[in-house]
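Below is one structure, written out as structure tokens, with a few remarks after it.
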Amino acid sequence: MQNLNTVVSEKRINLTGISLIAALAGFIFGFDTVVISGANLPIKELWNTSPLFHGFFIMSMALWGTVIGAIFGGFPTEKFGRKKVLLSVGILFSLSTIGTALATNPYSFSFFRFIGGLGIGISSVVAPIYISEISTPANRGKLTGMYQFNIVFGLLIAYISNYFLKGFDGANDWRWMLGVMIIPSLVYALLVIFVPESPRWLVMKNREGEAEEIITRLGINHPKEEVQTIANHIREQMKRKKSSLFIPRYKRILWLAFFIAFFNQWSGINFILYYAPEILERSGLAARDSLMNSILLGGINIIFTFLGLYLIDKLGRKKLLIIGSFGYIISLVMVAWSFYTHAGSMVLLVFLLLFCASHAIGQGTVIWVFISEIFPTGIRAKGQSFGASIHWVFAALITLITPVFLDSERGVFRENPWPIFAVFAFMMVLQLIWVLQKVPETRGISLEALSKKLIPDK
């Protein structure tokens with residue numbers, strides 16, 4: 001690991017280094033999201049739960065914690081600062097990991113999954129905000145996108161971890177699958193201690209001297225002028241009903257945040273990530289083969305996230321969303337067709353891989369960057385909280401009801417789940433229409449200039 005003194009020193013701050021540390025919250029987010037897929041069936045058998053109980057208390061409880069964390073995460077982020085909240089996320093992750101690994105009943109398990117969900121929800125508010133506020137217009141997409149890269153890296157490592165821990169300790173395999181997350185949780189909490197506070201938050205709290213010092217150490221030219229520009233923009237925003245997010249002049253950016261989060265989940269991404277082994281087993285693969293092929297899904301995700309990060313500041317956010325939408329539509333239609341015609345597990349796997357690639361290069365790369373950009377500094381924490389909470393509400397709802405449709409014994413589509421994927425494909429047609437008609441391009445514009453572009457003066 002790079003020496004911390006080269007990441008954060010008294011003379012110069014490595015912008016990429018501190019962005020990567022903040023983005024490590026995304027790694028734990030991704031790991032926690034997918035690790036439950038390996039524990040899904042063993043826990044169902046251990047506690048003999050009904051589909052609805054299992055969907056709510058086991059599979060979606062972390063997501064309901066995420067919803068609460070996202071809804072209320074904006075308040076501490078705005079009041080106490082980005083750095084302190086980033087640190088609290090590491091503590092919540094650590095508590096959740098220990099509690100779920102040692103749980104003796106479904107209720108204590110769901111409680112600690114909820115705690116971990118709080119950490120994920122808060123991290124989806126604070127980490128993208130922090131990175132977007134310390135970066136420059138030229139590299140904001142790539143640096144903020146590292147949060148998403150760490151999410152998919154966490155997904156991949158969770159799939160690999162689940163695969164190798166299958167058979168490690170018999171009936172207790174799932175405890176080890178969940179428990180190994182304590183390592184990245186503690187590493188992340190330690191590293192966050194060394195990152196500086198967001199200069200934009202410091203300016204908002206009238207600590208302009210500290211902000212100027214950090215901007216200087218970041219190597220940004222003309223730090224005094226930069227601080228003054230930020231301060232002027234914040235003062236201008238604060239004159240206009242600063243306490244309220246839901247006012248007419250913010251209508252456009254609120255709808256943008258709502259729909260990008262809404263469509264992100266109606267692509268079916270969390271449905272596929274949470275239930276990948278079960279979906280693949282349904283197509284005829286053995287349990288261990290399904291875990292192995294889940295690793296392929298994670299690998300494709302990370303490769304195309306790399307490509308998305310490379311392209312996001314070159315092609316822009318809107319073009320990536322368009323590319324991803326076409327990929328979504330093709331892949332989801334073909335997944336539905338594969339199930340409908342019983343085309344076989346390998347055919348299904350190919351189109352699931354195309355689906356993951358489409359998500360990674362489109363919505364996956366863009367969503368957290370886009371939401372963190374479109375709100376002005378004075379309400380950015382509240383706006384990010386709004387967008388993240390919409391994302392997680394729909395993620396939780398879809399994960400909650402999935403067992404009702406997918407359960408092999410009592411599910412509505414237990415014989416053949418093709419209608420589920422057909423619905424997701426239709427939603428992605430709607431996303432493509434929305435992107436083409438409503439989504440603005442945001443690349444290469446400063447946060448202050450972007451606010452003036454998207455928000456009317458009156």
Mind listing the closest non-hydrogen atom pair of [X] and [Y] along with its distance?
X    : Y    : value
I455 : P376 : CD1-CD, 3.5 Å
A257 : I374 : N-CD1, 4.0 Å
L86  : A22  : CD1-CB, 4.2 Å
S123 : A25  : CB-CB, 3.9 Å
W392 : A70  : CD1-CB, 3.8 Å
I367 : H391 : CD1-CD2, 3.7 Å

What I'd like to find out is whether the side chain of [X] reaches to under 4.5 Å of the side chain of [Y], using heavy atoms alone.
X    : Y    : result
E210 : E197 : no
I157 : F27  : yes
S161 : V35  : no
I18  : Y130 : yes
T365 : F304 : no
V89  : Y188 : yes
P196 : I13  : yes
F375 : L245 : yes

Assign the ring pair [X] / [Y] to parallel, tilted or perpendicular, where the plane angle (0 to 90°) is split at 30° and 60°.
X    : Y    : answer
Y328 : H359 : tilted
W368 : Y147 : perpendicular
F168 : W176 : perpendicular
F57  : Y107 : perpendicular
W47  : W174 : perpendicular

To the nearest 0.5 angstrom, please state how far the [atom1] atom of [X] sits from the [atom2] atom of [Y].
X    : Y    : atom1 : atom2 : value
F263 : S325 : CZ    : OG    : 9.0 Å
F109 : L46  : CZ    : CG    : 10.0 Å
F29  : I151 : CZ    : CD1   : 4.0 Å
E213 : L218 : CD    : CG    : 10.5 Å
R175 : I43  : CZ    : CD1   : 8.5 Å
E208 : I215 : CD    : CD1   : 10.0 Å

| When N139 is tested against each of L15, T144, T16 for side chain to side chain contact (heavy atoms under 4.5 Å, CB included), which residue passes? | L15
| note | Given the options V203, L202, V227, E212 meets side chain to side chain contact (heavy atoms under 4.5 Å, CB included) only with V227
| So among Y250, W255, F246, which one has a ring pair (Phe, Tyr, Trp, His ring centres under 6.0 Å) with F386? | F246
Got a donor-acceptor contact below 3.5 angstrom from the [X] side chain to the [Y] backbone?
X    : Y    : result
W201 : E78  : yes
S185 : G90  : no
K83  : V195 : yes
Q384 : S124 : yes
R200 : I134 : no
N264 : I260 : no
S96  : L92  : no

| task | Take L63 and L397 through the side chain to side chain contact (heavy atoms under 4.5 Å, CB included) test and state the conclusion after the steps. | result | CA-CA 9 Å; L63 287 170; L397 287 172; over 6 Å; no
| Which is it for F114 and I68 under the side chain to side chain contact (heavy atoms under 4.5 Å, CB included) test, yes or no, and what are the steps along the way? | CA-CA 9 Å; F114 181 84; I68 301 301; 4.1 Å; yes
| Centroid-centroid distance, F424 to F355, less than 6.0 Å | no
| request: Decide if the gap between the ring center of W434 and the ring center of F258 is smaller than 6.0 angstrom. | output: no
| query | More than 12 non-hydrogen atoms from neighbouring residues, nucleotides or ligands closer than 6.0 Å to NZ on K319, yes or no? | reply | no
| task | Kindly check if the number of other-residue, nucleotide or ligand heavy atoms within 6.0 Å of NZ (K142) is above 12? | result | no
| query | Between D32 and R113, is the closest basic N to carboxylate O distance under 4.0 Å? | reply | yes
| request: Indicate yes or no: does E133 engage R380 in a salt bridge with an N to O separation below 4.0 Å. | output: yes
| Which is it for F370 and L321 under the side chain to side chain contact (heavy atoms under 4.5 Å, CB included) test, yes or no, and what are the steps along the way? | CA-CA 11 Å; F370 188 76; L321 287 175; 5.8 Å; no
| request: Given side chain to side chain contact (heavy atoms under 4.5 Å, CB included), test F262 with M427 step by step and report yes or no. | output: CA-CA 10 Å; F262 173 85; M427 296 303 295; 3.5 Å; yes
